[in-house]
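Everything below concerns the one structure shown next.
These numbers were taken from a predicted model, which means no experiment stands behind them.
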Number of protein chains: 2
Amino acid sequence: MDVVTQAKTTSVPGRMYRGESHAARKKERQDKLSAAALEIIGTEGFKAATVRKVCREAGLTERYYYEAFGNAQGMLKLVYEQQIGRLASTLYEAVNSVEQTPTAMAEAALTSLFGAIKKDPRMARVIYIEIVGVSEELDEVYRKGQRRFDELLVKLSKPLYPEENTADLDDLLMASALVGAITQVSRDWVLANFDRSITALVNNMMALVVGVITHLQTRRPAR
Amino acid sequence: MDVVTQAKTTSVPGRMYRGESHAARKKERQDKLSAAALEIIGTEGFKAATVRKVCREAGLTERYYYEAFGNAQGMLKLVYEQQIGRLASTLYEAVNSVEQTPTAMAEAALTSLFGAIKKDPRMARVIYIEIVGVSEELDEVYRKGQRRFDELLVKLSKPLYPEENTADLDDLLMASALVGAITQVSRDWVLANFDRSITALVNNMMALVVGVITHLQTRRPAR
DNA sequence: TATTTTTGACTATGGATGTTGTCACACAAG
DNA sequence: CTTGTGTGACAACATCCATAGTCAAAAATA
């Protein structure tokens, strides 16, 4: 009935608890839950990451699962975006910490990528395997995530070849293809339990990248 | 009790029915069921392909679902392998029906691939999206499937560059990377509702393939 | 025709899971 | 101290689904 006082009492976000604000507690819970979700999705797969299981792993109850994720897709989306974000930072850092020549940068990025994958295969499983084919919404999230790396690649390689040579080509498409190549190799590598050395992977992928760039540099304009 | 007569009567595979042998009926049912499964998996996704749904789509009952597939993973595996098989035949045919020069063959394969995808996106969804990340067993099936195409690619490109240039590289790895690139582009293309022309895709992918091959032809042996 | 197999429609069972709700205790605020 | 909010353990409910089973009609075989 009394809308005004209702609004007053319920509009307050929350009170302190154990010395922390509502927002701080909420964030802590989300961190715990997404760490638990990463662990389960990254080792047993998305299907295995049930509400109860994630909550038990996190040491929290179902209420906070819904607070943090809303639903299972929200959980996967959040974990995916966290991992993609971390990886992108790692790669940017690697690229910026070497001499600014194209091959050095490419090599740094690749080494850093494969290193990150080996260091935390759960991440690779989430961003390369589990995210795919769950729902239309998540497929769209995945595409957006991949495009991040496409754009990084375009930015790195754009200075390397004259614009007019590529009138009939499509930067983003080529970048997406290269990222796809690297992704595929990464996926195989994970699924094969790291059966090769990082150097071998980097050397091969460098041949691919340099091959494409060289091709773009030297080709005649398309008929 | 009477084990001998039991064995005698039950060891017979089956009798005729509606003019068809047991084997023929069984195959017909499997065809109907796998067509139904392809339709549902390819349009609504693997998760949506429940036993009842597939059976209703096929016009058959659950008993024959288990006869044909055993379980849901068996269903996906069968459908995947059928589609992979069909696609491989299509590509081989395309490659063999043009003049036997590398670029012509590569162009034929790519054109044929993108054509097949556009003609039946359900196939693409099954072999590129739905098969991934379901279970370890199916991941293995997927890897084996991809390797088919890797090997086709190696066979096609092997004559194009001298062996000694590639001592530190790995044919299969490079092929897998290229197939990954093409797969990624295909996936994006499907998810983006065929937003580009087949020629554009083929041209771009040709640049990639030719780039790599040229690189392999001209590079100095690795230090 | 009598018997057995094959098939289709349908039901039953059991398990897993998402989601909501209950209740008691911990803690904060007045 | 009292009141109300935050929290954790857990139960209840509803839903979906794989899988097994029942029963009668159709068709083949003897």
Any side-chain heavy-atom pair from [X] and [Y] closer than 4.5 angstrom?
{"X": "A:L113", "Y": "A:L87", "answer": "yes"}
{"X": "A:L172", "Y": "A:E151", "answer": "yes"}
{"X": "B:W189", "Y": "B:I198", "answer": "yes"}
{"X": "B:R56", "Y": "B:K53", "answer": "no"}
{"X": "B:Q146", "Y": "A:D188", "answer": "no"}
{"X": "B:F46", "Y": "B:I129", "answer": "no"}
{"X": "B:R148", "Y": "B:L152", "answer": "no"}

Check nucleotides 11-15 of chain D against the protein and report each pair of N or O atoms closer than 3.5 Å, with its distance, or say if there are none.
residue	atom	partner	partner atom	Å
D:dA12	N6	A:R52	NH2	3.3

Query raised in the report: According to a strict under-4.0 Å criterion, is B:Y66 in side-chain N/O contact with OP1 or OP2 of D:dA18?
Result: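 Negative; the distance criterion is not met.
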Query raised in the report: Counting N and O atoms only, with roles assigned by atom type, does the side chain of B:R187 sit under 3.5 Å from a partner on the main chain of B:Y128, one being a donor and the other an acceptor?
Result: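 The answer is yes, because a donor-acceptor pair under 3.5 Å joins these two groups.
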**Report entry** Under 3.5 Å donor-acceptor, B:D150 side chain and B:V179 backbone
**Finding:**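 No.
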Query raised in the report: Would B:S135 and B:Q73 satisfy side-chain hydrogen bond (donor to acceptor under 3.5 Å, both in side chains), going step by step from the backbone distance to the final call?
Result: CA-CA 8 Å; B:S135 74; B:Q73 292 196 19; 3.0 Å; yes
Query - Closest contact, heavy atoms only, A:M174 versus B:A207 - result: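 The pair with the smallest heavy-atom distance is CE-CB, 4.1 Å.
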Query raised in the report: Under 4.0 angstrom, heavy atoms only, what part of the nucleic acid is A:R63 near: base, sugar-phosphate, or nothing?
Result: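 The answer is base, as A:R63 lies within the cut-off (heavy atoms under 4.0 Å) of a base atom.
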Report task. Identify whether any heavy atom of A:R56 sits under 4.0 Å from a base atom; if not, whether one sits that close to sugar-phosphate; answer base, sugar-phosphate or nothing. Result ->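 Touches nothing.
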Query raised in the report: Taking the side chain of A:T61 as heavy atoms from C-beta outward, which of D:dG8, C:dT6, C:dT19 is closest to it?
Result: D:dG8
Report summary line: Secondary structure of DNA chain C per the Watson-Crick/G-U criterion (both distances under 3.5 Å; [ ] crossing, | other strand, . unpaired) is ||||||||||||||||||||||||||||||
Requested in this report: Could you go through the salt bridge (charged side-chain N to carboxylate O under 4.0 Å, His left out) check for B:D31 and B:K27 one step at a time?
Outcome: CA-CA 6 Å; B:D31 288 348; B:K27 185 181 181 321; 2.8 Å; yes
Expected list for residues 116-127 of chain A: side-chain donor-acceptor pairs under 3.5 angstrom, two or more places apart:
residue	atom	partner	partner atom	Å
A:D120	OD1	A:R122	N	3.1
A:D120	OD1	A:R122	NE	2.9
A:D120	OD2	A:R122	NH2	3.3
A:R122	NH1	A:E39	OE1	2.6
A:R125	NE	A:E130	OE2	2.9
A:R125	NH1	A:T43	O	2.8
A:R125	NH2	A:E130	OE2	3.2

Starting at atom [atom1] of [X], determine the distance to atom [atom2] of [N], rounded to an integer number of angstrom.
{"X": "A:E67", "N": "D:dG6", "atom1": "CD", "atom2": "P", "value": "11 Å"}
{"X": "B:H22", "N": "C:dT5", "atom1": "NE2", "atom2": "P", "value": "13 Å"}
{"X": "B:Q73", "N": "D:dA18", "atom1": "CD", "atom2": "P", "value": "12 Å"}
{"X": "B:K26", "N": "C:dT5", "atom1": "NZ", "atom2": "P", "value": "18 Å"}
{"X": "B:Y65", "N": "D:dG21", "atom1": "OH", "atom2": "P", "value": "18 Å"}
{"X": "A:M75", "N": "C:dG18", "atom1": "CE", "atom2": "C1'", "value": "12 Å"}
{"X": "B:E20", "N": "C:dT6", "atom1": "CD", "atom2": "C1'", "value": "13 Å"}
{"X": "A:F69", "N": "C:dT19", "atom1": "CZ", "atom2": "P", "value": "13 Å"}

Expected rows: protein N/O vs nucleotides 24-30 of chain D N/O, under 3.5 Å:
residue	atom	partner	partner atom	Å
D:dA26	N3	B:Y17	OH	3.3
D:dA27	O4'	B:Y17	OH	3.1
D:dA28	OP1	B:R18	N	2.8
D:dA28	N3	B:R15	NH1	3.3

**Report entry** Partner residues of B:Y92 under the ring-ring contact (aromatic ring centres under 6.0 Å, His included) criterion, sequence neighbours left out
**Finding:** none
Query raised in the report: Under a 4.0 Å heavy-atom cut-off, which of residues 41-49 of chain B touch DNA chain D?
Result: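 Output list: empty, so none.
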